Amino acid sequence: MPQFKKKAKELRILDPKTAQNLSIFLGSFRLPYEEIRDIVLEVDEERLSESLIQNLIKNLPEQKELSALAELKGEYEELVESEQFGIVMSSVKLLRPRLNGILFKLTFEEQVNNIRPEIMNVTFACEEVKKSEGFSRLLELVLLVGNYMNAGSRNAQTFGFNLSFLCKLRDTKSIAQNTTLLHFLAEKCEEMHPEILRFPDELEHVESASK
């Protein structure tokens, strides 16, 4: 009696490289496709692992391929395993953003710990800036001089200014072009309010926080 050789399944949507990478991934984790889908849908932290999510993000077909595979749902048994997996995962809405969000959640604590010294520096620096009497008085002086210079204009007698204006102090020059507003303020502080010039001593963490 003649024996008929079973016809090998052929790829319908995925390219060979993508299918091979998916097959390697599925062979490494050895989980039912539906279980992987449910882990992602439920964000099951008991079964989730950083390695699983990273590999999914790395090996997952593009959304247009997943959408094309979803159209072949009725031919599931006729497809190769990698494309069967694609059909199962295509039912998860916003799959790639969801995976990226899960990975961020899984790695958040580690990332925070890695930058904790920088976070503390910025926190301390903000507190120092808020509490510095010298810096506060310097800002008052800048506002006073600015209002004096703008006398008669629509900007006269303003109640505050954008902090980015401080960067322009060295660019604002006198009519003779031989000094800047920054130099003028420094000279006046030195003559009349030398204690203001000690404000950097109150901002111990600002330099490290700015890096």
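The structure displayed is predicted, hence computed values, not measured ones.
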For this session: Report the C-alpha distance between Leu66 and Glu62 in whole Å, list the side-chain angles of each, state the deciding distance to 0.1 Å, and finish with yes or no for side chain to side chain contact (heavy atoms under 4.5 Å, CB included).
Result: CA-CA 6 Å; Leu66 290 175; Glu62 294 300 324; over 6 Å; no
Exercise. Which of these, Asn100, Leu52, Ile102, sits in a side chain to side chain contact (heavy atoms under 4.5 Å, CB included) with Ile57?
Worked result: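 Exactly one pass, corresponding to Asn100.
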Exercise. Does a sphere of radius 6.0 Å around CZ in Arg96 hold more than 12 heavy atoms from other residues, nucleotides or ligands, not counting ones at 6.0 Å or beyond?
Worked result: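 Yes, the 6.0 Å shell around CZ holds more than 12 heavy atoms from other groups.
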Problem set entry | Heavy-atom neighbours of Glu81 CD exceed 12 at 6.0 Å |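 No, the 6.0 Å shell around CD holds no more than 12 heavy atoms from other groups.
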Problem set entry | All side chain to side chain contact (heavy atoms under 4.5 Å, CB included) counterparts of Leu163, not counting sequence neighbours |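 Partners of Leu163 under the side chain to side chain contact (heavy atoms under 4.5 Å, CB included) test: Leu139, Leu166.
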Problem set entry | Partners meeting side chain to side chain contact (heavy atoms under 4.5 Å, CB included) with Thr18 (sequence neighbours left out) |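 If we apply the side chain to side chain contact (heavy atoms under 4.5 Å, CB included) test to Thr18, skipping adjacent residues, the hits are Leu14, Asp15, Pro61.
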Nearest non-hydrogen partners of [X] and [Y], listed with the distance:
{"X": "Glu202", "Y": "Glu133", "answer": "OE1-N, 3.4 Å"}
{"X": "Glu128", "Y": "Glu204", "answer": "OE1-N, 3.1 Å"}
{"X": "Glu83", "Y": "Glu10", "answer": "OE1-O, 4.3 Å"}

Can you tell me how far [atom2] of [Y] sits from [atom1] of [X], rounded to the nearest 0.5 angstrom?
{"X": "Leu141", "Y": "Cys189", "atom1": "CG", "atom2": "SG", "answer": "5.0 Å"}
{"X": "Lys73", "Y": "Ser91", "atom1": "NZ", "atom2": "OG", "answer": "7.0 Å"}
{"X": "Arg170", "Y": "His183", "atom1": "CZ", "atom2": "NE2", "answer": "10.5 Å"}
{"X": "Arg137", "Y": "Glu140", "atom1": "CZ", "atom2": "CD", "answer": "7.5 Å"}
{"X": "Phe104", "Y": "Ile53", "atom1": "CZ", "atom2": "CD1", "answer": "15.0 Å"}
{"X": "Thr107", "Y": "Gln54", "atom1": "OG1", "atom2": "CD", "answer": "8.0 Å"}

Problem set entry | Arg98 side chain near Lys93 side chain, heavy-atom distance below 4.5 Å |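 Side chain of Arg98 against side chain of Lys93, heavy atoms only: no contact under 4.5 Å found.
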Exercise. Does any non-hydrogen side-chain atom of Tyr33 lie less than 4.5 Å from one of Gln84?
Worked result: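 They are in contact (side-chain heavy atoms under 4.5 Å apart), so the answer is yes.
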For this session: State whether the side chain of Ser132 and the backbone N or O of Val129 hold a donor-acceptor pair below 3.5 Å, judged by distance alone.
Result: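 Such a contact is absent between Ser132 side chain and Val129 backbone.
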Exercise. Should Leu79 and Leu11 be marked as a side chain to side chain contact (heavy atoms under 4.5 Å, CB included) after you check the CA-CA gap, both sets of side-chain angles, and the distance that decides it?
Worked result: CA-CA 7 Å; Leu79 301 176; Leu11 288 168; over 6 Å; no
Do you reckon [X] sits in the same ILVMFWY cluster as [Y], going by side-chain contacts under 4.5 Å, direct or chained?
{"X": "Tyr76", "Y": "Val92", "result": "yes"}
{"X": "Leu41", "Y": "Leu60", "result": "yes"}
{"X": "Val43", "Y": "Leu31", "result": "yes"}

Exercise. So Glu118 and Ile115, side chain to side chain contact (heavy atoms under 4.5 Å, CB included) or not? Walk me through it.
Worked result: CA-CA 5 Å; Glu118 287 82 1; Ile115 62 171; 3.9 Å; yes
For this session: Write out all pairs satisfying ring-ring contact (aromatic ring centres under 6.0 Å, His included) with one or both partners inside residues 113-142, taking only residues at least two apart or from two chains.
Result: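 Qualifying pairs, neighbours excluded: Phe124-His205, Phe135-Phe199.
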For this session: Hey, can you tell me if Phe25 and Phe29 have their rings parallel, tilted or perpendicular (30° and 60° cut-offs)?
Result: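 It falls in the tilted class, 30° to 60°.
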Problem set entry | salt bridge (charged side-chain N to carboxylate O under 4.0 Å, His left out) between Arg12 and Glu75, worked out | CA-CA 11 Å; Arg12 299 278 297 277; Glu75 304 173 49; 2.9 Å; yes
For this session: Report the C-alpha separation of Leu181 and Val145 in whole Å, then their side-chain angles, then the decisive distance to 0.1 Å, and conclude whether the side chain to side chain contact (heavy atoms under 4.5 Å, CB included) test is met.
Result: CA-CA 9 Å; Leu181 183 54; Val145 171; 3.7 Å; yes
